[in-house]
Amino acid sequence: MRITNGSSFFIAASTLALTAHAEAAQPVQLWVRAAGVYGKKEQDPAKQSPQTVDLESLPQKQEQRTDVQYGSSAYYRGVALSDIWAKYTPPKGTDLALLHFHNGVVIPLPFRDAATMKRVAPFVALSRSTTAEGPYRTELPPVNKSVEGYADVRQVAFSGNKIVVADGWHPEMTEAALANFSPWRLAGSLTGIEFVEGTAYYRQFVPSADVRPGFEVFRQNCQFCHGVNKVGAHFGWDYATPLPLHTYRSTEQKLYMHIAYRVEYKATWQQMPALKHVSQAEAGLLWQWMRAVSSAPMTRYTPTR
Ligand code: HEC
């Protein structure tokens, strides 16, 4: 469907939300990333030790929480994120939990780092109420731009669960980046938790040492929404396929203009925030990295254990 104006955008979004309401809580899949080459031309390696967890079967908690997406405090019933893998025991060596959301957002969480887990304190809500006594509703309202009052957030709808975090902080982002956007604001419903070794996971995106600086800009700013060769997030367009985006934004300067500014005539469909903190020099590094990473196969994922 081609969306041509603001009002049809909201009609489309509310239809989506209605469909989502009918669904029961979806199970969450846990797995360990298997060694191998991921991405185009190759079949991705099969998931290692996959396990499906029904969130309703876990001990339910009730908590009053501030939520960064709704921007207010409410009462939630659900499970602590870490309780989802309590019985799974992720293998030694894994240090990053990639949280996969149904809308393509991927948020890496250093789940063994006590300070990060304490600060983020992620909770997966199955129902919500504005009062402690209830009623608790499993319909989790979509995050609406106009309600949110945050110009750069698109409508996020939920299907069965929603992650609740109190502030938008993320350990891999700079303060300047966090001032412009938070990946937690974009998260849809949690569908999977993939355990990886962080160093080996990120090495996949580095075809050669000379473009590592550009990759670092991607890691801090873009990885939550974008992937390469179908590796990583897919909320925004893939950098390599079907169209190598460095050929679309065909110079460093054109890429910079896209990153730093929202193009208003596309406002009805533009869902990418303006990332004004990204400098021209950083956009140049990004462009060079995008060119290199989309013209080579992904580096093999080689965990140490
Ligand atoms: C919050 C999620 C999000 C983040 C963060 C994000 N993008 Fe995007 N991006 C999108 C979405 C969604 C689209 C699809 C088109 C649109 O809605 O604007 C997109 C489109 C694009 C495009 C193709 C469209 C065009 O007009 O050129 C490029 C190139 C791009 N992004 C680069 C980047 C780079 C580089 C970064 C990091 C500096 C980044 N994006 C960060 C969500 C994001």
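Count residues from 1 along the sequence.
- Following chains of ILVMFWY side-chain contacts shorter than 4.5 Å, one can reach Val196 starting from Trp85, so the two form part of one hydrophobic cluster.
- Rounding to the nearest 0.5 angstrom, the gap separating the OH atom in Tyr76 from the CG atom in Leu126 is 12.5 Å.
- Here the closest heavy-atom approach between residue Val106 and residue Leu98 is recorded as CG1-CB, 4.1 Å.
- The two residues Ala260 and Ala274 make their nearest non-hydrogen contact at O-CB, 3.6 Å.
- No side-chain donor-acceptor contact under 3.5 Å links Asn103 to the backbone of Val156.
- Rounding to the nearest 0.5 Å gives a distance of 8.5 Å between SG of Cys225 and CD1 of Ile107.
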Show the numbers, then the answer: is there a ring-ring contact (aromatic ring centres under 6.0 Å, His included) between Phe111 and Phe195? CA-CA 9 Å; Phe111 69 101; Phe195 294 96; 5.1 Å; yes

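- Between Asn221 and the options His226, His277, Glu172, Glu282, a side-chain hydrogen bond (donor to acceptor under 3.5 Å, both in side chains) holds for only His277.
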What do the steps show when you test Leu286 against His246 for side chain to side chain contact (heavy atoms under 4.5 Å, CB included), and what is the final call? CA-CA 9 Å; Leu286 262 173; His246 73 282; over 6 Å; no

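- Looking at Arg77 and Ser129, their side chains never bring a donor and an acceptor atom within 3.5 Å of each other.
- Using modelled atom types, no side-chain atom of Asn229 and backbone atom of Val231 make a donor-acceptor pair closer than 3.5 Å.
- Nearest heavy-atom pair, Ala233 versus Gln223, reported as atom, atom and distance to 0.1 Å: CB-O, 3.4 Å.
- Val278 and Leu285 are members of different hydrophobic clusters when ILVMFWY side chains are connected at heavy-atom separations under 4.5 Å.
- Put simply, the side chain of Trp289 reaches to within 4.5 Å of the side chain of Tyr239, judged on heavy atoms.
- With hydrophobic clusters built from ILVMFWY side chains whose heavy atoms lie under 4.5 angstrom apart, Tyr88 shares a cluster with Ile163.
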Run the numbers on Lys162 and Asp67 for salt bridge (charged side-chain N to carboxylate O under 4.0 Å, His left out), then give the verdict. CA-CA 10 Å; Lys162 134 176 205 2; Asp67 174 63; 2.9 Å; yes

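- His258 and Trp287 have their aromatic ring centers separated by at least 6.0 angstrom.
- Residues that satisfy the side chain to side chain contact (heavy atoms under 4.5 Å, CB included) test with Pro45, not counting sequence neighbours, are Ala34, Tyr38.
- With 3.5 Å as the limit, one finds no donor-acceptor pair spanning the side chains of Ser189 and Gln26.
- Proximity of a side-chain donor or acceptor of Asn161 to a complementary backbone N or O of Leu190 within less than 3.5 Å is detected.
- Donor-acceptor pairing under 3.5 Å is recorded for the side chains of Gln288 and Glu252.
- When the shell of 6.0 Å around CZ of Arg137 is examined, it contains 12 or fewer heavy atoms from other residues, nucleotides or ligands.
- Taken from CD1 in Ile84 to NZ in Lys87, the straight-line distance is 12.5 Å, to the nearest 0.5 Å.
- Under 3.5 Å, the side chains of Lys47 and Gln29 contain a donor-acceptor pair of N or O atoms.
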For Tyr256 and Arg249: C-alpha separation, side-chain torsions, deciding distance, then whether side chain to side chain contact (heavy atoms under 4.5 Å, CB included) applies. CA-CA 9 Å; Tyr256 172 69; Arg249 297 283 165 186; over 6 Å; no

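- Tyr301 and Arg33 get closest at one heavy-atom pair: CE2-O, 3.3 Å.
- Cation-pi contact between Arg128 and Tyr70: present, with separation from the ring centre below 6.0 Å and deviation from the ring axis of at most 45°.
- Taking hydrophobic clusters as Ile, Leu, Val, Met, Phe, Trp and Tyr residues chained together by side-chain heavy-atom distances below 4.5 Å, Leu99 shares a cluster with Leu178.
- Between the side chain of Thr191 and the main chain of His100, a donor-acceptor pair closer than 3.5 Å is present.
- Aromatic rings from Phe218 and Phe205 are positioned such that their centres are separated by under 6.0 Å.
- With Gln69 contributing its side chain and Val164 its backbone, the two residues share no donor-acceptor pair below 3.5 Å.
- In this structure, the side chain of Asp95 engages the main chain of Gly198 through a donor-acceptor pair within 3.5 Å.
- Thr131 contributes a side-chain N or O that, together with a main-chain N or O of Gly134, makes up a donor-acceptor pair within less than 3.5 Å.
- Side chains of Tyr201 and Glu194: a donor-acceptor N/O pair is absent below 3.5 angstrom, by distance only.
- Phe101 and Gly188 make their closest contact through CD2-O, 3.3 Å (heavy atoms, listed as atom of the first residue, atom of the second, distance).
- Between Thr116 and Asp113, the side chains place a donor N or O and an acceptor N or O closer than 3.5 Å (distance only, hydrogens not considered).
- In this structure, CZ on Phe123 lies 6.5 Å from CZ on Arg65, to the nearest 0.5 angstrom.
- Counting only distance, with no hydrogens or angles, the side chain of Gln220 and the backbone of Ala177 share no donor-acceptor pair below 3.5 Å.
- Shortest non-hydrogen contact noted between Trp184 and Gly168 is CD1-O, 3.4 Å.
- The hydrophobic clustering, which links ILVMFWY residues whose side-chain heavy atoms are closer than 4.5 Å, places Val143 and Tyr75 apart.
- The backbone N or O of Val120 sits nowhere less than 3.5 Å from a side-chain atom of His170 that would complete a donor-acceptor pair.
- Distance check: Leu255 CG to Ser250 OG gives 10.0 Å after rounding to the nearest 0.5 Å.
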